[in-house]
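The structure displayed is predicted, hence computed values, not measured ones. We name chains A, B, ... by the order of the sequence lines, and we start the count at 1 in each one.
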2 protein chains.
Amino acid sequence: MGRQRPGTPTLEEVAALAGVGRGTVSRVINNAAGVRHSTRMAVERAIAELGYVPNLAARSLAGRRADAVALVMTEPDWRQFGEPFFSSVVGAVGDALTDTGVQLLLTLVRTDVERRHFVEYARGGRVDGVLLMSVHAEDPLPDMLSEAGLPTVLLGRRSGDEAVTYVDADNVGGARGAVAHLVRTGRTAIGTVTGPPDMYVARSRLRGYREGLERAGFEIRPSWIVEGDFTQESGRRATAELIARAPEVDAVLAASDTMAAGALEALRAAGRRVPEDVAVIGFDDFPLAQHTRPQLTTVRQPLEEMGRAMVQLLFDVMRDSSGAWRHVILRTELVERAST
Amino acid sequence: MGRQRPGTPTLEEVAALAGVGRGTVSRVINNAAGVRHSTRMAVERAIAELGYVPNLAARSLAGRRADAVALVMTEPDWRQFGEPFFSSVVGAVGDALTDTGVQLLLTLVRTDVERRHFVEYARGGRVDGVLLMSVHAEDPLPDMLSEAGLPTVLLGRRSGDEAVTYVDADNVGGARGAVAHLVRTGRTAIGTVTGPPDMYVARSRLRGYREGLERAGFEIRPSWIVEGDFTQESGRRATAELIARAPEVDAVLAASDTMAAGALEALRAAGRRVPEDVAVIGFDDFPLAQHTRPQLTTVRQPLEEMGRAMVQLLFDVMRDSSGAWRHVILRTELVERAST
DNA sequence: ATGAAAGCGCTAACAA
DNA sequence: TTGTTAGCGCTTTCAT
């Protein structure tokens, strides 16, 4: 495999050329205080002349830090790379890191082999911490990293009592707010099509739906709740069943914007008009939908802030190392469009 | 910043526990030959007992290798690239790397600051080589890396005499084949809407268009060539101008699938039917379009193979180090659909 | 087949 | 303010 080209100047050669000790050169390249200006200039001249670049392996070994963090994408996620959900988070993480001198590394973890490789890489000290995007409940990676003592931050929790540090959106509040908005605009028969019950995010949104109804003094009718799995097709099917069961429904809260798109299909196929007959609200997990379905009212997640928060938390965890878990729940925002 | 947690067992401790020398442990973890089976077992037991994981910084420092390669995305790409383009290449690169023990690191390079950071990272020896996705002609990154002596492979060349190693698709041949196909299916007045002339890929496709006509014994009419810039809007505008100038045109070769989509709009707006009146062919740089525009005939680039080829070339360059530039041009394939 | 020893290039603690 | 020194944990000869 490729070795680092030889003949690369070392700190020692810089020191020799500048006529100073190695420690001084180290101070200069690390912007440490306590170096006379003239000395610093001399060292910098030598660095420029030699084209010196610090050997990061040596720095890591001596300094016990990598100055890099990994953002891991697991299989289901990374296909979405082109989507704004992804790029918003990645971009925000990149922005938050740009001034810190910490390199952001995105890595793909699709198989068990890759999972093992990555854990070795991380445990081997090549990164100081790990950010995980939308991990699935069964994914052992968070626990592997956690057990290895690596600072780790999840985007989205996997369960209610997640034993790691995470950033999440207030899905309960978002759903509650959506229901409140529907009530406020005169809807009285609000149904919902949900995500898979084994996913916390889906349960949270369903809970928000219930709480929203309760707060409005409405009764919760089991027949107005139909289960889906976050896909468009399931949204279509569930909504079709919902209006077959309960034709009186005049609003549908979908557990994702993808399902909301399916709901629109089902409603139109059934001859209902949106929003005149039935209002529809989704969640913009994947804001790409805003391009293809700009008319969809959604509960918006503040992805940029979530990215920033992840970096902040990661740094806190790295610094603290007491092992305490931190959680940040960010507020969502209702973006109203033509579907309500 | 976060330091590597202390108390991590070292190779030395493994050696002590196993009752062997450090060299032997090193041989075992590197699968080197020349270790008695019983010894190997003893060492492996000690490794398991201690939960030993090699320190990669130390390994890099001593071994002068990183066992990692970077795949760089520059700003204009990573936001706009539809997912299959991206994920095909990334997936193929990941697949090609998975058995090699080389870690794939995706990095974002959006600004000059990030460019500099990344070059320091790479020059610092944290990666053995760099893969660049669709770099723009003005991007100084390839030359920076090249000058630094880092093995580098580009996806898509920036000019005809690209002085780096790259993998590209046969755009000339693809366009030529598309014209041949149109001729074969009875089209006699074939126009084209092109990409920006300062992009090599656009010029290549235009050249293929000309060559295709020449081979078919057709005349090249300048008025049948209208310039665009790869966007859908430019495809619409250029096509509108094309059929205004030359109503007799019965086929349009678009320089990208995005432009082809614009061409479809323009043709329909002008009351032409596709493909009865006018045939349309694009290039699927962004196969996402296959989802939104499944009816579009395209010149398909073999993205998976291109990803694999990039890895192969990178390894060749790393191994060789004579500095010779290698080029691989992959064949394209015409995928016929309802637009021709 | 295996152990011992010499670095790899840097940081950080300690002297001066 | 600056030089010196002792490692950081591993790979890789070189002996044995």
Side-chain angles (χ1 to χ4, degrees), chain A residues 1 3-43 46-47 50-67 101 120-121 123-126 128, chain B residues 1 3-43 46-47 50-67 101 120-121 123-126 128:
Chain A
M1 215 55 47
R3 338 212 125 224
Q4 190 172 317
R5 57 245 131 270
T8 304
T10 70
L11 177 146
E12 177 133 33
E13 302 176 47
V14 173
L17 179 58
V20 301
R22 311 193 307 180
T24 302
V25 177
S26 179
R27 283 171 202 121
V28 169
I29 63 180
N30 289 296
N31 282 316
V35 179
R36 196 181 304 146
H37 186 255
S38 60
T39 311
R40 183 180 294 273
M41 296 304 284
V43 172
I47 288 176
L50 261 35
Y52 169 76
V53 177
N55 178 315
L56 265 25
R59 174 174 287 173
S60 284
L61 183 56
R64 289 119 174 279
R65 96 185 54 182
D67 289 323
E120 274 170 25
Y121 184 84
R123 293 196 59 188
R126 304 293 288 241
D128 298 318
Chain B
M1 217 54 50
R3 339 214 125 223
Q4 192 172 314
R5 56 245 134 273
T8 304
T10 70
L11 176 146
E12 177 133 33
E13 301 176 47
V14 173
L17 179 57
V20 301
R22 312 193 305 181
T24 302
V25 177
S26 180
R27 283 169 203 123
V28 170
I29 63 179
N30 289 295
N31 281 317
V35 180
R36 197 183 302 148
H37 185 255
S38 59
T39 312
R40 181 179 296 272
M41 296 304 285
V43 171
I47 287 175
L50 262 35
Y52 168 75
V53 176
N55 177 314
L56 264 27
R59 173 173 286 175
S60 284
L61 184 56
R64 291 120 173 277
R65 98 185 53 187
D67 289 323
E120 275 171 24
Y121 184 84
R123 292 196 62 187
R126 305 293 289 239
D128 298 318

Distance check, rounded to the nearest 0.5 Å: [X] atom [atom1] versus [Y] atom [atom2]?
X      : Y     : atom1 : atom2 : value
A/I47  : A/L11 : CD1   : CG    : 8.0 Å
A/R126 : B/N55 : CZ    : CG    : 9.0 Å
A/I29  : A/R59 : CD1   : CZ    : 5.0 Å
A/T8   : A/Y52 : OG1   : OH    : 10.5 Å

Looking only at side-chain N and O atoms, does [X] come under 4.0 Å of OP1 or OP2 in [N]?
X     : N      : answer
A/T24 : D/dT2  : no
A/R36 : D/dT2  : yes
B/T39 : C/dT2  : yes
B/S26 : D/dT11 : yes
A/N55 : C/dC8  : no

**Message:** Tell me the closest heavy-atom pair linking A/A66 and A/S60, and the distance in Å.
**Reply:** CA-OG, 3.8 Å

**Request:** Would you work out how much the helix from C/dA1-D/dT16 to C/dA16-D/dT1 bends between its ends, with each end axis defined by five base pairs, to 10 degrees?
**Result:** 30°

**Any donor-acceptor pair under 3.5 Å from B/D128 side chain to B/R65 backbone** = no

**Item:** Full working for side chain to side chain contact (heavy atoms under 4.5 Å, CB included) between A/R40 and A/N31
**Value:** CA-CA 10 Å; A/R40 183 180 294 273; A/N31 282 316; 3.9 Å; yes

Could you state the [atom1]-[atom2] distance from [X] to [N], rounded to the nearest angstrom?
X     : N      : atom1 : atom2 : result
B/L11 : D/dT11 : CG    : P     : 7 Å
B/N31 : D/dT11 : CG    : C1'   : 15 Å
A/R65 : C/dC10 : CZ    : P     : 15 Å
B/R22 : D/dT12 : CZ    : P     : 14 Å
B/R59 : C/dC10 : CZ    : C1'   : 20 Å
A/L56 : D/dG9  : CG    : C1'   : 17 Å
B/R64 : C/dA6  : CZ    : C1'   : 13 Å
B/D67 : D/dC10 : CG    : P     : 14 Å

**Asked** Considering heavy-atom distances to DNA chain D, does A/A58 or B/R27 have its closest nucleotide positioned more toward the 5' end?
**Response** A/A58

**Item:** B/L61 or B/V20, whichever maps to the more 5' nucleotide of DNA chain C
**Value:** B/V20

**Asked** Under 4.0 angstrom, heavy atoms only, what part of the nucleic acid is B/V25 near: base, sugar-phosphate, or nothing?
**Response** nothing

**Proximal nucleotide (of C/dG3, C/dT2, C/dT11) relative to the A/A62 side chain** = C/dT11

